Amino acid sequence: MHDLKALRDNPAAYDQNWARRGLSSQTSEILTLDEDRRSLQTELQALQMRRNEASKEIGAVKSKGGDAHALMVEVAEIKDNMAVLEEQERVKADELTDLLSRLPNMVADDVPDGPDEDHNVELRRFGTPKIGSNAAKDHVEIGEMLGLMDFETAAKVAGARMTILKGALARLERALGLFMLDVHSSEHGYTEINPPLLVNSDVMYGTTQLPKFHDDQFETTDGRWLIPTAEVVLTNMVREEILEEGAFPIRLCAMTPCFRKEAGSAGKDTRGMIRQHQFYKVEMVSVVKPEDSEAEHQRMTDCAENILKKLELPFRTIVLCAGDMGFASRKTYDIEVWVPSQDKYREISSCSNCGDIQSRRMKTRFKRAGAKDTEFVHTLNGSGVAVGRALVAIMENYYDPADGGIWIPDVLKPYMGGVEKIVKLNT
RNA sequence: GGGCAGGUGGCAGAGUGGUUGAAUGCGCUGCUCUCGAAAAGCAGUAUGGGUGCAAGCCCAUCGAGGGUUCGAAUCCCUCCCUGCCCGCCA
């Protein structure tokens, strides 16, 4: 949700900002609805005031045994008028809310302009990618040759965009998830959470999956939703709360399966486990005071990068341009890991500063020490990192063409029972 | 799934139709007293919104949404949640 008062004060700023995302002018429609709604509300409240007064008078008259008939007639008329106004007000308010809830967050000033992903700006690189290697095999080939990755059976039991991992590869994915969770909770200060995977509609609205991205989500028959990311649950843990200033920063992390319909991506990344209906992801969420969100954003991105550094995977970090950013974000850093078979970097983490758009929807506020008014918190989320894609990156970057095996990164060895390398078993 | 009991302010807990946004206690904030502290006393202490330059005034909110009524925290209906018992089941 957006700050209507700020929008009233400076509509041009909003239109100019939304234009950076390629949107046409929105504010005149918003302001018209807003003015209509407010004048209806003012009118309605005047009637309510008179009704309340008259009702009290009726009570006073009756308690003295007097005749309150004239007053009762007056109230009856007021109620008729109120019903009409209430309905008009409700319609305007619904229209306004619906319009506002479908408009994306304001883009931060230092975000580069540009219509699409070709205008994102690279900030830094780590590691040395194996470029143009003839030996590069993709993770599907590697996994199937090892007999540890099975898309056919997955399709048989669950349909497209599903994966079955076996044996050491299943363990490797688990090892990756545990490793990431341990680093974030032990070294990065995030509290580990094991959350529900099924949430209600209010929660999905809070983090902006609803109403606009309804088609990307799996809905259950009883009106709940499978989470598309742990961000949804972690962020909403503070919904409808008024926090004390001392509560910050709140840092939470979780590893969960994520469920996505991938409605708009038919034909994209159809091979392998890059884009699945279900995948594991370790997610970080921070809730902070507004003045701290920018520093927290850098910090969170560092935490995600640190995972890849420890895994010794080559990556680069980019800042998304205005046209490529997600709906809720003011500013987003993507971390892209090197995928040898594709000879390019692919997204493995996305760290976003959502400003107050989610907190306004969730009604998450805080009060400064001694202050009377509440303010909205800032929320941030970042992958730390996508576990399935990390598995792909390990398989391809640590592939040994000599024997078709996969070396285990040093930091994962303790999680793999000391195994140094996954190799094909003699059958 | 069946049955019972509940959901009131930061917390505890009154309130079963009429100045009740809500008693009382605790907590918290300020002041008085004190060398200081404690104790005690006094005052204050929800959120959202409308209107106004402002002081202020007004509207809404007692789990949520409807309904009855001149008037609802209080009565009726639906839903949600919590606790307990029975059944079933990872």
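Residue numbers begin at 1 in each chain, while the letters A, B, ... track the order of the sequences. Because the structure is a prediction, the values reported are computed rather than measured.
Following rounding to the nearest Å, A:E244 (CD) and B:C11 (C1') show an atom-to-atom distance of 13 Å. Following rounding to the nearest Å, A:D202 (CG) and B:A64 (P) show an atom-to-atom distance of 13 Å. Atom C1' of nucleotide B:U69 and atom CE of A:M82 are separated by 13 Å, given to the nearest angstrom. Atom pair A:E35:CD and B:U51:C1' shows a separation of 15 Å (rounding to whole Å applied). In this structure, the CG atom of A:L44 is 11 Å from the C1' atom of B:G50, given to the nearest Å. One can place CG of A:L47 at 15 Å from C1' of B:C70, the figure rounded to the nearest angstrom. Nucleotide B:U51 holds its C1' atom 13 Å from the CZ atom of A:R37, rounded to whole Å. When rounded to the nearest whole Å, the span between CE of A:M1 and P of B:G49 equals 12 Å.
Here B:A55 sits opposite no nucleotide as a Watson-Crick or G-U wobble pair (both hydrogen-bonding atom distances under 3.5 Å). With a cut-off of 3.5 Å on both Watson-Crick or G-U wobble distances, the partner of B:U34 is given as none. Under the Watson-Crick and G-U wobble criteria, each requiring two contacts below 3.5 Å, nucleotide B:C79 is paired to B:G63. The nucleotide B:G21 finds no pairing partner, because no Watson-Crick or G-U wobble arrangement with both distances shorter than 3.5 Å includes it. In a base pair of the Watson-Crick type (N1 to N3 plus N6-O4 or O6-N4) or a G-U wobble (N1-O2 and O6-N3), with each distance short of 3.5 Å, B:G71 is matched with no nucleotide. With a cut-off of 3.5 Å on both Watson-Crick or G-U wobble distances, the partner of B:C84 is given as B:G3.
Spacing between B:A55 and B:U68 at atom C1', rounded to whole Å, works out to 41 Å. Nucleotides B:U29 and B:U82, compared at atom P, are 34 Å apart to the nearest Å. A gap of 15 Å separates the C1' atoms of B:G21 and B:A14, to the nearest Å. As rounded to the nearest Å, B:C77 and B:A40 have P atoms that lie 48 Å from one another. B:C28 and B:G1 have their P atoms separated by 45 Å, given to the nearest Å. Remark: the separation of the C1' atoms in B:A39 and B:U32 is 14 Å, to the nearest Å. Using P as the reference atom, B:C80 and B:G10 are 26 Å apart when rounded to the nearest Å. The same atom, P, is picked in B:G71 and in B:U51; the two are 26 Å apart, to the nearest Å.
Base engagement by A:K62 is indicated by at least one non-hydrogen atom pair under 4.0 Å involving a base atom. Using a 4.0 Å heavy-atom cutoff across all strands shown, A:R8 reaches sugar-phosphate atoms only and no base atom. Backbone-only contact: A:I242 has heavy atoms under 4.0 Å from sugar-phosphate atoms and none from a base.
Comparing atom distances between the A:R365 side chain and each of B:U47, B:G18, B:C59 picks out B:U47 as nearest. Ranking B:A46, B:C59, B:C70 by closeness to the A:K367 side chain, first place goes to B:A46. Of the candidate nucleotides B:U51, B:G49, B:U19, B:U19 has the atom lying nearest to any side-chain atom of A:K56. For A:T374, whose side chain is taken as the heavy atoms from C-beta onward, the closest listed nucleotide among B:G48, B:G18, B:A60 is B:G48.
Ring geometry for A:H188 versus A:Y190: interplanar angle over 60°, hence perpendicular rather than tilted (30 to 60°).
Listed pair A:N52 / B:C59 meets the phosphate criterion, a side-chain N or O lying under 4.0 Å from OP1 or OP2. Considering only side-chain N and O atoms, A:N200 lies nowhere under 4.0 angstrom from the phosphate OP1 or OP2 of B:C81. In terms of phosphate contacts, A:R51 brings no side-chain nitrogen or oxygen within less than 4.0 Å of OP1 or OP2 of B:G71. Between A:R50 and B:C59 there is no side-chain polar atom (N or O) within less than 4.0 angstrom of OP1 or OP2.
One finds the CD atom of A:E86 at 11.5 Å from the CG atom of A:L40 (value rounded to the nearest 0.5 Å). The distance from the CD atom of A:E141 to the CD atom of A:E144 is 8.5 Å, given to the nearest 0.5 Å.
A donor-acceptor pair under 3.5 Å is formed between the side chain of A:Q276 and the backbone N or O of A:T163. A distance-only check finds a donor-acceptor pair linking the side chain of A:T364 to the backbone of A:V238 [under 3.5 Å]. Remark: side-chain polar atoms of A:R389 are not paired, donor with acceptor, to backbone N or O of A:R346 under 3.5 angstrom.
Nearer the 5' end of RNA chain B, as judged by each residue's closest nucleotide, is the contact made by A:A46, out of A:A46 and A:A76. Summary of the strand contacts: A:M49 and A:R90 both lie near RNA chain B, and taking for each the nucleotide with the nearest heavy atom, the more 5' one is attributed to A:M49.
Cation-pi geometry between A:R174 and A:Y415 is not satisfied (NZ or CZ under 6.0 Å from the ring centre, within 45° of the ring normal).
For the pair A:R275 and A:E262, the salt-bridge criterion is met [side-chain N within less than 4.0 Å of a carboxylate O].
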